[in-house]
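Everything below concerns the one structure shown next.
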Amino acid sequence: MSTIVVSNRLPVVVESRKDGLRTRPGSGGLVTALSAVLRRAKGRWIGWPGLFDARPASVRRVLKEAAKSEGHGLVPVHLDADDYRGFYEGFSNEIVWPLFHDLPSRCNFDPDYWASYLAVQEKFADVVAAEAKSGDLVWVHDYQLMGVGQCLRERKLRARLCFFLHIPFPAPDIFAKLPWRTEILQSLLRYDVVGLQTARDLGNFLDCVKRLLPEAQQRLDDGRSIVAFEQQRTVCGAFPIGIDWNEFVDVARSVTAEVRVAQLREDMRGQQVVLGVDRLDYTKGIPDRLHAFHHALRRYPELRRKATLIQVVVPSREKVPEYATLRSQIERAVSQVNGEFGQPGWTPIQYLFRNLPRRELIAYYRLADVALVTPLKDGMNLVAKEYCACQVDGNGVLILSEFAGAADQLGVGAILVNPYDRERMADAIRRAVLLPLDPRRAAMRRLRRRVRKEDVHHWVGRFLSAVAYAGGRRRSGARSTRRGGGE
Ligand code: ADQ
């Protein structure tokens, strides 16, 4: 029996260079969380390698090489440029991503995207069906691949089929806008287990099923939510994802990090560092955060020369025009603040638009006196948790959006804010910067305890226990059906 992870992208990206194909590590929350898991399970990861014009045999060859250092198998799904446009940029990123983040006005419900989405689910299912054996655990990830389970059922694959959604699940009034809402719910109910990030997401999912698929039966069994639809029973649960605590803490405590932090501190000349770290995405609330910082400097002169915001933005989806616009908005906001308040020896916002090496990112996390994690909506937000883990000196303050999934676990200890409320965000920044050491340390201790306890291995353990439960139910269900038939 083995574990097969399926996600849209492989954890490594294959690139075509003059001297042939090369691989480099991928980025994003999903990769960070799952690489650690698969290494332990020595399983295989199936996904798109990130390019469409290379010979499949060459791609397989470089992936085989990369698999040795990754510590698990890497199996490619080949997509073409039309798939990329219709399924990935279209259905996934112009429909599901904005809709599930409560931004329906950003959606483009083009029916061609749906057709492309369905075709790509089949392509993924073909590869999984060729790789998986009876009894394997096939764990499909995220919003791009909600329909793969259904395609695998149609192929009569006798594996355990599970799904985890990394982004939020919207409330019925928003989900109902999706033209293919019934098909999506039905396809999710072909899995043995459906995992969501928070209790709110789980509640939204079950409410959508109740409203849009009234024939599905819902009940609680040993405290677990079970949905029975047609021949399938699906265990549904909230499993908040965590980080690999040890990996972050070990690096944050290292001598290299200490040296780097001391160097950065010297560069900051005694100013408090307020840190923002995000992928370039409109859900992360970066412009709103910059406006709030601007507001704070206008309103509270005592913050001037005392606090510097370091905003790190990781390039993402750069070819999409909306993301290019977002980038210019951010750059405009940064130059407005720096133009209005900058002085010799003090630049209020330092803006880094690039992918930082992990060690450097961890040094920034350790350095920061305050982290500003204020997405407009987020499935979980691992940056909040990574920041707490790297606060090995224990002095940092976390300002966290109430609309991040992480707020459920970190609400006690963090300063919670509404990212749309510029004035209260400005107040929160002032409060955090001026907070005395004792309350800072007490709050950070609480946060660290929680992040450490509910780390990524805890998440996997909880998810797999739901898988085992679903398997047990399936077996006893099958026995009682057989018994019923004989009586
Ligand atoms: P993402 O939207 O990618 O993930 P997030 O959870 O914040 O968001 O993870 C971002 C990851 O990128 C972090 O692990 C961070 O370390 C890394 N990163 C950020 N900035 C970086 C930089 N400059 N250089 C290098 N690495 C950087 C999706 C969902 C989230 C959910 C995760 C996991 O949108 O809500 O938390 O999956 O389930």
Side-chain angles (χ1 to χ4, degrees), residues 5 7-9 11 13 24-37 92-93 96-98 100-103 139-145 163-170 195-198 200-201 238-245 247-248 251-252 275-286 289 310-317 323 350-366 368 371-390 398 400-401 403-410 451 454-456 459-460 463:
V5 161
S7 71
N8 176 46
R9 300 290 291 255
V13 181
R24 66 168 170 83
S27 63
L30 191 145
V31 169
T32 321
L34 282 171
S35 294
V37 173
S92 303
N93 290 338
V96 186
W97 179 265
F100 282 36
H101 285 90
D102 295 351
L103 298 164
W139 192 0
V140 181
H141 288 265
D142 229 2
Y143 63 105
Q144 303 94 345
L145 302 180
F163 178 81
F164 186 77
L165 184 70
H166 290 256
I167 66 172
F169 200 94
L196 300 124
Q197 295 272 26
T198 65
R200 184 186 308 186
D201 298 317
F239 307 94
I241 198 167
I243 59 160
D244 192 336
W245 170 270
E247 201 177 298
F248 281 92
V251 178
L275 180 69
V277 174
D278 308 83
R279 247 186 338 98
L280 180 69
D281 197 282
Y282 52 78
T283 61
K284 301 290 180 186
I286 307 169
R289 178 184 317 155
I310 300 182
Q311 176 64 57
V312 183
V313 177
V314 192
S316 168
R317 302 178 195 171
Y323 286 75
Q350 294 191 10
Y351 171 61
L352 283 64
F353 184 74
R354 56 180 180 262
N355 219 322
L356 295 182
R358 185 146 288 262
R359 286 186 169 274
E360 184 72 354
L361 179 67
I362 290 176
Y364 276 94
Y365 281 146
R366 181 170 167 183
L372 255 184
V373 185
T374 56
L376 304 179
K377 183 91 184 171
D378 216 329
M380 176 54 56
N381 195 298
L382 296 181
V383 167
K385 295 186 172 181
E386 292 167 4
Y387 172 67
C388 296
C390 296
L398 174 65
L400 180 62
S401 162
F403 306 124
D408 265 18
Q409 292 160 294
L410 308 183
V451 176
E454 295 171 10
D455 73 350
V456 72
W459 171 71
V460 175
F463 191 87

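Whatever order the structure lists ligands and atoms in, that order sets their numbers, starting from 1. Everything numeric here is computed off the predicted structure, so don't read it as measured data. All residue numbers refer to positions in the sequence shown, counting from 1.
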Margin query: Counting only nitrogen or oxygen atoms and a 3.5 angstrom limit, does R279 reach ligand 1?
Written below: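 Checking ligand 1 against R279, an N or O pair does fall under 3.5 Å apart.
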
Below 3.5 Å, N or O to N or O, backbone or side chain included: is there any such pair between M380 and ligand 1?
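M380 vs ligand 1: N/O contact under 3.5 Å present.
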
Residue-level breakdown please: for [X] versus ligand 1, do any non-hydrogen atoms fall below 4.0 Å on the side chain, on the backbone, on both, or on neither?
| X | result |
| --- | --- |
| L356 | both |
| K284 | side chain |
| Q197 | side chain |
| W97 | side chain |
| L382 | both |
| V277 | side chain |

- Message: Please tell me whether Q144 and N93 have a donor and an acceptor in their side chains that are separated by less than 3.5 angstrom.
- Response: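 There is no such pair between these side chains.
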
Requested in this report: Return the set of residues passing side-chain contact (heavy atoms from CB on, under 4.5 Å) with T283 (not counting sequence neighbours), or none when no residue passes.
Outcome: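 Partners of T283 by the side-chain contact (heavy atoms from CB on, under 4.5 Å) criterion, ordered by chain and then number, come out as W97, H101, L103, D281.
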
Can you confirm whether [X] sits close enough to [Y] that some side-chain heavy atom of one is under 4.5 Å from a side-chain heavy atom of the other?
| X | Y | answer |
| --- | --- | --- |
| D142 | L165 | yes |
| L398 | V373 | yes |
| Q197 | F164 | yes |
| I243 | V451 | yes |
| R358 | V251 | no |
| V277 | Y364 | no |
| L376 | D102 | no |
| H166 | M380 | no |

Go through ligand 1 atom by atom and flag the ones less than 4.0 Å from a non-hydrogen atom of [X].
| X | value |
| --- | --- |
| G379 | 35 (O) |
| V312 | 23 (N) |
| E386 | 13 (C), 14 (O), 15 (C), 16 (O) |
| D378 | 30 (C), 34 (O), 35 (O) |
| N355 | 22 (C), 24 (N), 25 (C), 26 (N) |
| V383 | 7 (O) |
| L361 | 16 (O), 26 (N), 27 (C) |

Discussion item. Out of V313, N381, V314, who is nearest to atom 23 (N) of ligand 1 when you count heavy atoms only?
Written reply: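 The nearest heavy atom belongs to V314.
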
Heavy-atom distance to atom 17 (C) of ligand 1: which of H166, R354, R358, H141 wins?
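Considering heavy atoms of H166, R354, R358, H141, the nearest to atom 17 (C) of ligand 1 sits in R358.
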
Mind telling me whether F239 and F463 have parallel, tilted or perpendicular rings, with 30° and 60° as the class edges?
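The rings of F463 and F239 stand perpendicular, inter-plane angle above 60°.
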
